[in-house]
Amino acid sequence: MLKWYDRAGRDLPWRLREGRPESYRVWLSEIMLQQTTVAAVAPYFTRFLERWPTVEALAAAPRDEVLGAWAGLGYYSRARNLHAAAQQMAAAGAPESEAGWRELPGVGPYTAAAIAAIAFDEATNVVDGNVERVMSRLYAVATPLPEAKAELRALAGALVTADRPGDWAQALMDLGATVCAPRSPKCEACPWIKDCAAYATGAPETYPRKRAKAERPRRYGAAFRIERDGALWLARRPDKGLLGGMAALPSTEWRAKKWSRAEVLRHAPVAGDWKKVGAIEHVFTHFALTLDVYSAVTAPPNDGWWGDASALPTVFKKAAKR
Ligand code: SF4
């Protein structure tokens with residue numbers, strides 16, 4: 001793996017050809033790379049380093065200037081945390097261990113492990129989505145994600161040694177980014193092809209296994225909208241069941257089968273000239289609802305009251321608006 005990295009590792013603006021990069025460089029690049037691609041980060045990284053070559057320079061810059069220079073990179077809390085962390089480091093010195101980096105704003109477990117490995121050669125376990133994918137393939141892990149996370153972390157951790165841990169971390173990152181790609185891994189270019197259990201199955205791209213998302217069932221119903229002088233006729237839902245005891249528009253039962261117009265009219269709270277004015281979609285935890293909205297100019301039914309939509313649960317607010 002390390003031989004492969006020496007030969008095929010990526011040339012990135014924050015890496016040095018020789019020696020270990022200083023932590024400022026590594027930290028800046030790792031913060032910028034959170035949820036952001038290498039291609040998007042590269043010009044920002046170069047500009048930042050030119051403008052603020054040291055952590056002290058960054059700390060001394062007005063925060064608005066730092067935020068301005070970050071504009072376009074997204075997730076702006078990163079820039080605020082960057083500036084705050086720079087000020088802490090300018091005052092108290094930069095940390096030199098994974099645990100120390102964890103104390104700084106904006107530095108999570110992955111980032112702290114990566115900085116400690118790359119800048120200080122600490123034998124940390126640097127695990128992100130790329131590394132999880134590589135491990136799941138190397139060992140053909142049958143447990144699906146996200147349940148497999150701890151198992152994949154342990155597998156990655158077992159491979160970390162005191163032999164160039166910083167390069168090891170970057171080698172894994174590079175393998176995941178350039179060779180062991182999510183959809184079509186280029187196994188012929190992989191230094192692990194002989195050891196890879198997923199490759200041996202003939203379908204490495206089917207790893208990591210993912211838990212099938214249970215399809216949310218759909219239910220159908222109709223709500224009845226009676227309006228007079230800007231007020232809506234409201235009814236209280238039964239205490240038991242979904243939205244129990246809440247104010248609501250009168251409504252049919254919500255069921256798995258679609259309602260025909262004739263069925264809806266039979267369930268209207270009062271006779272009238274009911275017209276379908278539209279439908280709304282609403283997602284509850286256990287089902288998705290398509291609620292047809294019917295409207296009529298009619299006398300209200302017996303039970304209920306005139307009110308406004310402000311106290312209604314969202315699903316009925318949507319229906320009232322429609
Ligand atoms: S052999 Fe293929 S699937 Fe296995 S680690 Fe290498 S690139 Fe990934």
Side-chain angles (χ1 to χ4, degrees), residues 1-17 20-21 26 29-30 32-42 98 108-213:
M1 184 66 157
L2 288 169
K3 277 188 201 145
W4 172 84
Y5 178 66
D6 290 340
R7 197 180 67 243
R10 289 175 294 177
D11 229 348
L12 298 173
W14 40 91
R15 288 187 182 164
L16 300 178
R17 286 186 187 280
R20 211 180 292 155
V26 181
S29 66
E30 287 296 336
M32 288 184 166
L33 285 165
Q34 290 167 357
Q35 276 117 30
T36 312
T37 62
V38 164
V41 165
E98 181 181 8
Y110 167 81
T111 305
I115 299 169
I118 299 167
F120 300 99
D121 235 7
E122 187 177 327
T124 60
N125 190 16
V126 185
V127 183
D128 66 354
N130 281 325
V131 175
E132 285 178 350
R133 180 172 63 257
V134 175
M135 290 303 130
S136 75
R137 290 176 176 171
L138 188 60
Y139 295 98
V141 172
T143 320
L145 279 174
E147 288 85 348
K149 275 183 174 287
E151 190 179 345
L152 298 172
R153 167 169 287 278
L155 290 170
L159 295 177
V160 176
T161 70
D163 185 15
R164 299 169 60 192
D167 287 345
W168 178 263
Q170 293 178 96
L172 262 183
M173 290 176 191
D174 285 15
L175 191 82
T178 64
V179 176
C180 197
R183 283 203 197 133
S184 40
K186 303 182 189 86
C187 300
E188 279 68 30
C190 181
W192 278 338
I193 189 166
K194 288 206 186 84
D195 303 301
C196 179
Y199 178 75
T201 69
E205 69 286 351
T206 60
Y207 293 87
R209 304 289 202 219
K210 298 213 175 80
R211 189 165 26 134
K213 274 202 191 117

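Every number for a ligand or one of its atoms is a count from 1 in the order of the listing.
With sequence neighbours left out, the salt bridge (Lys or Arg N to Asp or Glu O under 4.0 Å) criterion links Asp195 to no other residue. Every residue two or more places apart in sequence or in another chain that forms a side chain to side chain donor-acceptor pair (under 3.5 Å) with Lys149 is listed here: Glu132.
Under the 3.5 Å distance criterion, the side-chain polar atoms of Arg209 are left unmatched by any main-chain donor or acceptor of Thr143.
Stacking of Arg7 on the aromatic ring of Tyr5 is not recorded, the 6.0 Å distance cut-off and the 45° axial limit not both being met.
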- Message: The test is salt bridge (charged side-chain N to carboxylate O under 4.0 Å, His left out); show your working for Arg15 and Asp167 and say whether it passes.
- Response: CA-CA 11 Å; Arg15 288 187 182 164; Asp167 287 345; over 6 Å; no

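Note on atom 2 (Fe) of ligand 1: protein N/O/S atoms under 2.8 Å are Cys187 SG.
For residues 115-131, the pairs satisfying side-chain hydrogen bond (donor to acceptor under 3.5 Å, both in side chains) are Asn130-Arg133, with sequence neighbours left out.
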